[in-house]
Each structure stands twice: as structure tokens, then as C-alpha cells.
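Okay, structure first, notes after.
Just so we're clear, the structure is a prediction, and the values are computed from it rather than from any experiment. For reference, positions follow the sequence shown, starting with 1.
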Amino acid sequence: MCRVEETSGKCDYRKQWEMKIKMFGEGKVEKLKNSMVSRSRMKLWMIRALTTILIWTCFAHLMTLGEFFGPKLLKGWPSCFTHSTSELPLVAPELSSIPPKLILPPKRLYKNNGYLMVSCNGGLNQMRAAICDMVAIARYLNVTLIVPELDKTSFWNDPSEFKDIFDVDHFITSLRDEVRILKELPPRVQHRVDQGMFLSMQPISWSDISYYAHQILPLVQKHKVVQLNKTDARLANNNLPPEIQKLRCRVNFNALKFTSQIEELGRRVVKILREKGPFLVLHLRYEMDMLAFSGCTHGCNSDEEEELTRMRYAYPWWKEKVINSEMKRKEGLCPLTPEETALVLRALGIDRNVQIYIAAGEIYGGERRMAPLAEAFPNLVRKETLLVRSDLKFFQNHSSQMAALDYLVSLESDIFVPTYDGNMAKVVEGHRR
């Protein structure tokens, strides 16, 4: 027995416990104990779960801030590296294989006025500029854009599809807050197209955005599907509303990302060049198609002049046929010849031994025309000389994919020198800026 004055509370508690034992029995008491333990464990697990959720929420916010304020080197390649960041990212191999978290912009909701199909023409950068224009037009007209079709009938006869050159999924998702883009028409709409129930036309060149609002939009609303052919230079580049210009730049420098295969090979070429020191990229626009189109035949013999003239007449959409080469040259509308390029580089004080990467197709006239440039600057290289044949086997006979490699190397060069103020020169200049 215990004394009441000292332990009356304990005795009362013990008596109550003994009475419960008698009432419920030993088995039920055991269950009661177990339920109390399980509740304690449940509380512990709930605390752990809430703590984990809180930590991951903080981590996600930090990652989001990193997208805006993090170092440029960690935001993907290609970018215009400075000299201090031109090397490959110093990331542990086990971490480099983890893809960055993709934060998609919210979808833009709008009443769809119809579907816009696009057929681009020309070389890689000519088509690139056209794609930028067509995205801006689709956004302005509130229509659904189908992934553009690339030119397969030009001088280069390149069979590449959009997906062979550009990351099509990135193209679609990165612009989802501006315009709806589909890889192909919905089945019911495709059925209409198969039956010929659509309009195919060439828009007027260098039109402002009001032309598409007043002339093209009513046609889209009437036919539901409109296909625009030969879309180069169809939208005027000047005096556009700022929001349209910003969208064109966003498409050009962000949405049109090359495929992983092209980017990986571009990285390899840049790494090879960097290991040997600084390098200059020379966009030597002296290919056969350029000379035939422009009519610039300075330094060519009579047989070459005749060959270039025949080629100009062979393409009916090249509207200018009779061209005075000397007059055009005096007006400054001809690309620099390899001989003139050597003089310009020497006048600029370029080191004779610097690496010069030739970003171009086959030079018209071959080694004979390249001899003066090679004599003045003997360290001339091309992707074909830096890589083994197996590296380029999937790119052979695909001029646009080869041009994409040159584009990536041009972005990362210490100096970029174009010999003609064409599409690539303008796009690379803008991208480097």
C-alpha cells in the first residue's frame, strides 16, 4: 500500500489501469499499446514527408532563379562564348548526362482562325529567315502553324526535313505561349487537303503585316487551310511593330535550335580549333550558285562565264537573267573573290599563321582560285579536314546540315569575316551580338 497523502494520484491511476485490464483483458490492452505506437510512427512519417516537400519546394525555387540569373555557360550550347568561357563546361561526367529541367511557357489560348502551311525556299539561312517571318504572321493572324516544309528543289537538292536540321519539339514547345504549332494537320483537316480543299499561293514580297491581316486572313477564314509557297523575303523587316520584331528574333536565336547530332559535332569542331589557339571563320561566299545568281564573273574564263549563265537561265525563279558583271562589281554587289579576300585580311593585320576556318561549300574554280588565299594564309582548314570521314557520313549530300555546322562554328569564332552581305552574314552577326 502507498500512503494517500503522498501518492494518492499514482494509486488512483494504478487502480484505474487495473480496472481497465479486468474490463478489456490482456489482448485488448496489447492492441491499445500497438495503436499508440503506430500513431507515433505515423506522426513521425508525416513530419518527415512535410520536411521533404518543403526542401524540394525551396530547391525548385532556387533552380527557377538560376534560369534567370545563373551563369550563361550553364544555360546550354550554342551561345556566343567569351574567351573565358569558350571551353567545354567543367562538369563532372556523372552530372553532365542529367538533362536540365525544362520549364515550359504557358500555352497561349486563342480562337483558331485556320491552319497555315509553309513551304520555304533557298539555302539554310534563307529558309531560317522565312520561318521567323511565318511564325510572326501565324501569331498575328491567330492561326495554327504546321511545321514548315524545307526546300528540296534548289541548287543543292538537299532532301533534309525540318526535323533533320532543327529540334522540332523544342521549336514547338518554346513558342507555345505565342502560337500553336503542330507537326502535321489533324486527320479531319488533312482529309480536306487530300481532296484539294485548300488554297496554295505565293504572298507578295516585302509586304508589311497589314497585308496579311487584310488580304491573307480572310482567305484563311474562307478556306480553313492556306499554303504559302516560296516564303523568303515575304515580310518587310523594317517598320514592323516592336512586338513582331521581338518575336522574329526569339524564333531565330532561341526557337530554331539545331538537332543534338549537329550541335555535338559542332562542339567537337570548335574544341579541335580551340586546342590549337584562336581561329577566324571566313564565310567565303564564292560557290557556283552565288556567282550564277549574282552574275559576278570577275576572274572567270569564258567557259566558266558561259557555264554560270546557263545555270542562271536554268532556274526560272531567278528573275534577273542578263547581267553586266563589271557594272554590278562597280556597284559593290559582288562577293569578294579569294584573291580580294587575301588582300583584305592582310590589310586588316590578320596574323599570317592564324587558323582560318572556311565556312562555305565547294569554291568555284577549286584550288586554282584558292591558291592566292592559301599562299597568303597557309593555315586554312575546313570541317572535312578537321574531322574524319565517318563523322560526316550522315551529313554528306545534305548541304543544309553541313551549313548548320558552319553556322555553329561561326558563332564561336574569335573573328567572323563574311565576303558577301547575304543571309548567313546577317543572321550570324545578329546572333553573335
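- Of the possible polar contacts, one joining the His398 side chain to the Gln396 backbone as a donor-acceptor pair under 3.5 Å is found.
- Ion pair Glu320/Arg312 not flagged as a salt bridge, since none of the NZ, NE, NH1 or NH2 atoms sits closer than 4.0 Å to an Asp/Glu carboxylate oxygen.
- You'll find the ring centres of His223 and Phe198 outside the 6.0 Å limit.
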- Task: Just do the disulfide bond (SG atoms under 2.5 Å apart) check on Cys296 and Cys334 with the steps written out, would you?
- Result: CA-CA 6 Å; Cys296 298; Cys334 289; 2.0 Å; yes
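- Annotation: side chain of Phe279 is not in contact with side chain of Ile356 (no heavy-atom distance under 4.5 Å).
- In terms of modelled atom types and a separation under 3.5 Å, the side chain of Thr297 and the main chain of Cys300 share no donor-acceptor contact.
- Note: Phe293 and Trp318 have perpendicular aromatic rings, judged against thresholds of 30 and 60 degrees for the angle between ring planes.
- Side-chain atoms of Asp289 and Tyr315 form no donor-acceptor pair, as typed in the model, at a separation below 3.5 Å.
- Using a cut-off of 4.0 Å between Lys/Arg side-chain N and Asp/Glu carboxylate O, Asp406 and Arg382 are scored as not salt-bridged.
- Distance alone, capped at 3.5 Å, is enough to place a donor-acceptor pair between the Asp158 side chain and the Ser399 backbone.
- Proximity of a side-chain donor or acceptor of Arg176 to a complementary backbone N or O of Pro105 within less than 3.5 Å is detected.
- A donor-acceptor contact closer than 3.5 angstrom is absent between the side chains of Asp164 and Thr259.
- Counting only N and O atoms by type, the side chains of His283 and Tyr420 include no donor and acceptor under 3.5 Å apart.
- For the pair Lys321 and Tyr313, the distance from NZ or CZ to the six-membered ring centre is under 6.0 Å and the angle to the ring normal is within 45 degrees.
- Interatomic distance, CG of Asn379 versus CG of Asn353, reported as 7.0 Å (0.5 Å rounding).
- Checked by atom type and distance alone, the side chain of Gln355 pairs as donor or acceptor with a backbone atom of Gly277 at under 3.5 Å.
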- In sequence, state the C-alpha distance, the side-chain angles, and the governing distance for Leu336 and Val344, and then conclude on side-chain contact (heavy atoms from CB on, under 4.5 Å). CA-CA 9 Å; Leu336 294 177; Val344 170; 4.2 Å; yes
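- Inspection of the Ser174 and Arg250 side chains reveals no N or O donor paired with an N or O acceptor under 3.5 Å.
- Judged by distance alone, with hydrogens and angles left aside, the side-chain atoms of Tyr110 form a donor-acceptor pair with the main-chain N or O of Arg180 at under 3.5 Å.
- The side-chain heavy atoms of Glu161 and Lys152, taken from C-beta on, include a pair separated by under 4.5 Å.
- Taking 4.5 Å as the limit, every side-chain heavy atom of His170 sits out of range of all side-chain heavy atoms of Leu256.
- For Arg389, the CZ atom sits in a loose shell: 12 or fewer heavy atoms of surrounding residues, nucleotides or ligands are nearer than 6.0 Å.
- The pair Glu178-Arg108 does not count as a salt bridge, with every side-chain nitrogen at least 4.0 angstrom from each carboxylate oxygen.
- With hydrogens and angles left out, the side-chain atoms of Asn237 and Arg248 include a donor and acceptor closer than 3.5 Å.
- Taking the charged nitrogens against the carboxylate oxygens, Asp169 and Lys257 have no contact shorter than 4.0 Å, which rules out a salt bridge.
- In this structure, Glu375 contributes its side chain and Pro372 its backbone to no donor-acceptor pair below 3.5 Å.
- Inspection of the Asp151 and Thr153 side chains reveals an N or O donor paired with an N or O acceptor under 3.5 Å.
- Atom CD of Glu362 has 12 or fewer neighbouring heavy atoms from other residues, nucleotides or ligands inside a 6.0 Å radius.
- Between Leu182 and Tyr115, some side-chain heavy-atom pair lies under the 4.5 Å cut-off.
- Residues Gln195 and Arg192 bring no donor and acceptor atom of their side chains to less than 3.5 Å of each other.
- Donor-acceptor pairing under 3.5 Å is lacking for the side chains of Arg285 and Thr419.
- With respect to the salt-bridge test (charged N to carboxylate O, under 4.0 angstrom), the residues Arg268 and Asp391 qualify.
- A donor-acceptor contact closer than 3.5 angstrom links the side chains of Arg128 and Asn252.
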- Which is it for Ser200 and Asn229 under the side-chain hydrogen bond (donor to acceptor under 3.5 Å, both in side chains) test, yes or no, and what are the steps along the way? CA-CA 7 Å; Ser200 181; Asn229 299 315; 2.7 Å; yes
- Before giving the answer on side-chain contact (heavy atoms from CB on, under 4.5 Å), spell out for Leu282 and Tyr357 the whole-Å C-alpha distance, their side-chain angles and the decisive distance to 0.1 Å. CA-CA 6 Å; Leu282 178 64; Tyr357 177 92; over 6 Å; no
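- Distance alone, capped at 3.5 Å, places no donor-acceptor pair between the Asn423 side chain and the Lys426 backbone.
- Listed for the Lys328 side chain is a donor-acceptor partner under 3.5 Å among the backbone atoms of Ser294.
- Inter-residue side-chain proximity for Asn254 and Leu175 is flagged as unmet; no heavy-atom pair is nearer than 4.5 Å.
- Asp177 places none of its side-chain heavy atoms less than 4.5 Å from the side chain of Lys107.
- Side-chain N/O atoms of Gln126 and Asp232 include a donor and acceptor closer than 3.5 Å.
- A donor atom on one side chain and an acceptor atom on the other are found under 3.5 Å apart for Tyr364 and Glu307.
- Salt bridge status for Glu326 with Lys330: absent, with no side-chain N to carboxylate O gap under 4.0 Å.
- In this model, no donor atom of one side chain and acceptor atom of the other lie less than 3.5 Å apart for Glu305 and Asn301.
- Side chain of Arg432 to backbone of Leu411: a donor-acceptor contact under 3.5 angstrom is found.
- Contact annotation: the side chain of Leu408 never approaches that of Leu265 to less than 4.5 Å [non-hydrogen atoms, C-beta and beyond].
- Taking 4.5 Å as the limit, every side-chain heavy atom of Lys230 sits out of range of all side-chain heavy atoms of Pro203.
- Taking the ring centre of Tyr212 as origin, the terminal cationic atom of Arg234 falls outside the region bounded by 6.0 Å and 45° from the ring axis.
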